[in-house]
Amino acid sequence: MTTRQPVALSEDEIAAVRSWVIHEDAHVIAFSKPSGLSSQGGRIQAHTLDDLLWAFARSNGKRPELVHRLDRDTSGVILAAKTKPAAGFLGKALQMRRFRKQYLALLSAAPEPASGTIDAPLRREEIGRESYMRVVAFDAPGAQGSQSRYRTLAANDQGAVVELEPLTGRMHQLRVHMAHLGRPLIGDVRYGGALTTEVGPAPRLMLHAFKLSFPHPEGGTTTVEAPPPADFAGLRSALGL
């Protein structure tokens with residue numbers, strides 16, 4: 001595990017990160033990450049979730065290690081390994097696409113058709129200090145194969161709620177794939193999503209990782225769920241979805 005320099009955390013930060021724990025056993029610890037918190041390496045001079053894992057450091061200086069990432073503005077389930085063997089096991093399982101990640105997203109209108117699979121290669125592009133993903137041709141230089149599934153759960157004249165599942169793990173994949181369908185996520189400034197709705201402004205990017213299933217180091221499959229936070233649930237309800 002990591003033996004980097006420990007990060008000094010305030011009592012409030014320690015209390016906060018402990019309050020986000022939704023599953024813990026001898027091998028793994030899962031959190032319901034709030035929107036606005038970088039998983040790791042954020043440019044903003046604030047503690048990331050990775051820094052906050054020092055709240056769980058053991059006396060030998062070892063601490064949990066994140067297994068995957070969520071975008072800063074996405075809320076929901078994120079997993080950390082508590083031991084080096086668990087980190088190795090889960091890292092391999094992730095590479096072999098044995099993690100199943102399910103998300104909820106709010107859109108301004110339902111996609112057509114109402115459900116399907118998006119198979120559109122993506123390429124990372126730098127614009128100034130920002131990184132973006134763009135849909136490109138299959139044979140374009142730097143193209144990375146990317147697939148996502150989507151399914152409309154409810155829709156009306158004010159918007160739609162969809163379940164999204166990335167089959168590959170590219171940066172911003174779900175956001176770019178839905179924008180490619182002409183249905184960017186509400187609150188997605190970067191990829192053309194509406195910043196306001198019929199019932200008022202979008203509080204943030206309306207994307208929430210609500211369920212994660214993964215092979216457990218001790219065998220079998222473990223599923224962890226995080227109910228949507230108040231801002232997401234509130235807008236969904238206000239939109240009548």
Side-chain angles (χ1 to χ4, degrees), residues 33 35 38-43 48-50 66-79 90-153 155 159-195 202 204-215:
K33 185 188 85 67
S35 171
S38 292
S39 298
Q40 54 194 158
R43 286 206 327 267
T48 62
L49 179 58
D50 195 44
L66 289 176
V67 175
H68 61 113
R69 298 175 70 150
L70 282 179
D71 292 348
R72 184 170 72 95
D73 295 323
T74 303
S75 55
V77 184
I78 188 165
L79 189 67
L90 293 165
K92 283 200 186 77
L94 192 63
Q95 281 180 329
M96 292 167 69
R97 299 188 187 173
R98 292 182 62 204
F99 275 52
R100 184 176 184 201
K101 303 171 185 174
Q102 289 161 278
Y103 293 74
L104 292 174
L106 298 181
L107 314 178
S108 297
E112 294 167 10
S115 61
T117 300
I118 303 161
D119 188 357
L122 299 176
R123 179 172 67 202
R124 187 174 183 139
E125 297 184 355
E126 309 293 328
I127 301 173
R129 294 174 63 190
E130 298 288 342
S131 297
Y132 290 76
M133 295 299 266
R134 297 228 185 279
V135 171
V136 293
F138 282 90
D139 57 356
Q144 298 179 304
S146 309
Q147 296 87 32
S148 306
R149 274 196 205 113
Y150 72 94
R151 180 166 72 100
T152 303
L153 302 180
V161 59
V162 294
E163 182 182 297
L164 301 175
E165 183 178 349
L167 305 180
T168 49
R170 312 298 178 205
M171 182 180 91
H172 300 171
Q173 175 179 313
L174 298 174
R175 297 162 60 184
V176 180
H177 273 171
M178 293 312 292
H180 179 61
L181 285 191
R183 295 292 184 267
L185 276 51
I186 291 175
D188 194 348
V189 184
R190 185 168 298 201
Y191 296 109
L195 304 186
R204 61 168 173 103
L205 168 70
M206 300 316 286
L207 182 62
H208 175 70
F210 78 96
K211 188 188 288 188
L212 176 67
S213 298
F214 59 94

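We number each residue from 1, following the sequence as shown.
- Sparse packing is recorded around NE2 of His180, with 12 or fewer heavy atoms of other residues, nucleotides or ligands lying under 6.0 Å away.
- Between Arg97 and Leu167 the shortest side-chain heavy-atom distance does not fall below 4.5 Å.
- Remark: Arg204 CZ to Asp73 CG distance equals 8.0 Å, nearest 0.5 Å.
- Once rounded to the nearest 0.5 Å, the distance linking CD of Gln173 with CD of Gln144 reads 9.5 Å.
- Counting only heavy atoms from C-beta outward, the side chains of Phe99 and Leu79 approach each other to under 4.5 Å.
- A donor-acceptor pair is defined here as one N or O able to donate and one able to accept, closer than 3.5 Å; such a pair exists between the side chain of Lys33 and the backbone of Arg72.
- Annotation: Arg123, atom CZ; neighbour count of heavy atoms from other residues, nucleotides and ligands within 6.0 Å is above 12.
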Apply the test side-chain contact (heavy atoms from CB on, under 4.5 Å) to residues Tyr103 and Leu70: give CA-CA distance (whole Å), side-chain angles for both, the deciding distance (0.1 Å), then the verdict.
CA-CA 11 Å; Tyr103 293 74; Leu70 282 179; 3.5 Å; yes
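- Across all non-hydrogen atoms, the minimal contact from Ser75 to His208 is OG-ND1, 2.8 Å.
- Side-chain atoms of Arg175 and Thr74 include no donor-acceptor pair closer than 3.5 Å.
- Between His68 and Ile78, some side-chain heavy-atom pair lies under the 4.5 Å cut-off.
- Here the closest non-hydrogen pair linking Leu174 and Pro166 is CD2-N, 3.8 Å.
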In sequence, state the C-alpha distance, the side-chain angles, and the governing distance for Gln102 and Phe210, and then conclude on side-chain contact (heavy atoms from CB on, under 4.5 Å).
CA-CA 6 Å; Gln102 289 161 278; Phe210 78 96; 3.7 Å; yes
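- For the pair Leu122 and Val135, the minimum side-chain heavy-atom distance is below 4.5 Å.
- The heavy-atom pair separating Pro111 from Met178 by the smallest distance is CG-CE, 4.2 Å.
- The distance from the CG atom of Asp50 to the CG atom of Leu66 is 5.0 Å, given to the nearest 0.5 Å.
- For the atom pair CZ of Arg124 and CZ of Arg170, the computed distance is 12.0 Å after rounding to the nearest 0.5 Å.
- In this structure, Leu153 and Leu104 have side chains that are in contact, with non-hydrogen atoms separated by less than 4.5 Å.
- One distance of note links CZ of Arg190 with CE of Met133; it measures 11.5 Å at 0.5 Å rounding.
- Scanning both residues, Gln147 and His177, for their nearest heavy atoms gives N-CE1, 3.9 Å.
- The nearest pair of heavy atoms linking Arg183 to Glu112 is NH2-OE2, 4.0 Å.
- Taking OH of Tyr132 as the start and CD of Glu126 as the end, the distance is 10.5 Å to the nearest 0.5 Å.
- At a threshold of 4.5 Å between non-hydrogen side-chain atoms, the residues Ser115 and Thr152 do not count as touching.
- For the pair Leu185/Leu107, a side-chain contact is recorded, criterion being any heavy-atom separation below 4.5 Å from C-beta on.
- Looking at every heavy atom in both residues, Gln40 comes nearest to Arg69 through O-NH2, 2.9 Å.
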